[in-house]
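Worksheet: the structure to be examined is printed underneath.
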There are 2 protein chains.
Amino acid sequence: MSPEPMRDESEFLASYDPRAYDPVAVTVDVVALTIRDGALHVLLVRRGGAPFAGMWALPGGFVHAGGRREAEDLPDAAVRELAEETGLSGKDGALGRVHLEQLGTYGAPGRDPRMRIISVAYLAFAPELPDPEAGGDAADAAWVPVGALGLTESGDQRPGTTRRLAFDHARILSDGLERARGKLEYTPLATAFCGDEFTIPELRAVYEAVWGEELHAGNFHRKVLSVPGFVESTGATSDRGGRRGGPRPRLYRAGDARLLHPALLRPGREEEIR
Amino acid sequence: MSPEPMRDESEFLASYDPRAYDPVAVTVDVVALTIRDGALHVLLVRRGGAPFAGMWALPGGFVHAGGRREAEDLPDAAVRELAEETGLSGKDGALGRVHLEQLGTYGAPGRDPRMRIISVAYLAFAPELPDPEAGGDAADAAWVPVGALGLTESGDQRPGTTRRLAFDHARILSDGLERARGKLEYTPLATAFCGDEFTIPELRAVYEAVWGEELHAGNFHRKVLSVPGFVESTGATSDRGGRRGGPRPRLYRAGDARLLHPALLRPGREEEIR
DNA sequence: CTAATAGTGTCTGTGAGACAATATAGC
DNA sequence: GCTATATTGTCTCACAGACACTATTAG
């Protein structure tokens, strides 16, 4: 149950006087992913002030909980933070096609040196968006290639990586990447990284960027078309052939499936299962 | 980033004076599942006081955030609440074999009529445990058959259901059940519902209770044994045959796999995919 | 004895992946 | 022309599911 029933006087007070609670703040952080130049990128901001000044961090901020400002729901807070950082308009605008889902909540004591912070992380899949503007006091904001962050399987950054991540954001980002890799297996969300119309080779490039391995073009093509509802044909053909030649690929739109069946499983995962 | 950098004076104050924040509290709620008499059960408590007095709720309570009490991590809070409700000892005791994972965070404004509450929900898979004791001010506590709660696909309860769930706990429970159904497909966590040693028919009963459909005994048996690391033989044989006759099944332990490969997919899901 | 169950064998359809072939575009 | 690419075809192996069969136990 959400607040437990009163147990003694202090609990009674706590139920009705918020100030009697342990002090805690709630933030949202967003792992926003996109594909640029065939590589997976994440939106990061460089911190201007302490703590972790000069380090990079996921875009995020406090949830408007209802005191001085109108109470907002958690996904709304995530969209708001993303819109503020990217300079794009929210749900009704350019961010309308962005897929957003809750990733997880991070609340270990000490994860923020100032006070107890509970951070609800969201995961976003976006088509290619313009460069963000370093707004407010963020020293910088940019789409950063995920490969340049030196993430290890354990959620840390390799020593020597130039762009260091603040707080536990390396862990959050690692969790987001693993979630994204899995999501591509059994949902059609790879299309959220593409424009409204896309070719099968473009879709394959999304899979290759997120999974970090090349896929067999022929088998991928047949597989995508064989899964009901994954993509639907527009009937049109791209106006250009492949990058280094080849016939003009056909154009497709996202289909109406919410799950891929059968799934599109990552190759060669037998080893990493124990 | 977790607290965003200071942007103006109020933000500056907010960064260092917790009392300047919007008042918000963080709780954990636990969807604890087990199998009893071949049916899936969830641990619920009946509320003694307002709001929602007399209704049933998931066990849960406030996270000790570090004010008056020592700061605790979110999973520790979930284990503590589970231990308090079940009367069993925590990580080192009877709850040691319980699987616990984060389910999601629920923070819509108004979900608790008293104040803004952010609730981090956890999902637990437990072997059969004793009946809980209605401790503290909970009017009652019990393992309740999930089927008796009249949950609909949309996360509500059917009208006429006698046991009503408080807050948004019907939604949280529905999400937990759907997560559990999926987890059994691609992880060996069905073994978390069994004792240390179990038979393949017992394991099949877990799948049937969670998925709500009968499975083909022969194919299930061969499938479980063919997935590397799912189960390992103890060499022993159960001392009794099947409920209504039959040979004595062999005993197995949980294996070392963390993922099932190939997965054990639910039959007949082609329809519910759009 | 009878019925139900554990465990194994066999067959078939589907699908993943390797490999190949053909046509088309960039250079 | 040369090469890379899009798309389709073919083959093989793994596996899910249907069905069948035997041995064993409860009642």
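Just the heavy atoms: all of them, side chains too, but no hydrogens, waters or symmetry mates, feed the values below. Note on naming: letters A, B, ... go to the chains in the order of the sequence lines (proteins, then strands), and numbering restarts at 1 for each one.
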Atom [atom1] of [X] to atom [atom2] of [N]: distance rounded to whole Å?
X      : N      : atom1 : atom2 : answer
A/L225 : D/dG9  : CG    : P     : 12 Å
B/R250 : D/dT25 : CZ    : C1'   : 15 Å
B/F220 : C/dT8  : CZ    : C1'   : 16 Å
B/H216 : D/dG17 : NE2   : P     : 11 Å
A/R204 : D/dT5  : CZ    : C1'   : 9 Å
A/L215 : C/dA18 : CG    : P     : 11 Å
A/L251 : D/dA6  : CG    : C1'   : 13 Å
A/H221 : C/dA23 : NE2   : C1'   : 13 Å

For the side chain of [X], counting heavy atoms from C-beta on, which of [options] is nearest?
X      : options                : result
B/P247 : D/dA6, D/dT25, D/dT24  : D/dT24
B/P249 : C/dT5, D/dT5, C/dG7    : C/dG7
A/N219 : C/dG15, C/dG17, D/dC15 : C/dG17
A/I200 : D/dC15, D/dT7, C/dA6   : D/dT7

Pair A/T199-A/S238, side-chain donor/acceptor within less than 3.5 Å: no

Identified side-chain contact (heavy atoms from CB on, under 4.5 Å) partner of A/F220 from the options A/E214, A/E208, A/R204: A/R204

Option from B/L177, B/L40, B/L33 for which side-chain contact (heavy atoms from CB on, under 4.5 Å) with B/V210 holds: B/L40

Derivation and outcome, salt bridge (Lys or Arg N to Asp or Glu O under 4.0 Å), residues B/D131 and B/R36: CA-CA 11 Å; B/D131 277 314; B/R36 291 191 147 208; 3.1 Å; yes

Would you tell me if any nitrogen or oxygen in the side chain of [X] comes within less than 4.0 Å of OP1 or OP2 on [N]?
X      : N      : value
B/R244 : D/dA26 : no
B/K223 : D/dC15 : no
B/R240 : C/dA6  : no

Mutual orientation of the aromatic rings belonging to A/H99 and A/F125 [parallel < 30°, tilted 30-60°, perpendicular > 60°]: tilted

Contact nearer the 5' end of DNA chain D, comparing B/D239 with A/T199: A/T199

5′-ward residue of the pair B/A263/B/G218 relative to DNA chain D: B/A263

Quiz item: B/R222 side-chain donor-acceptor pair to C/dG9 base, under 3.5 Å: yes

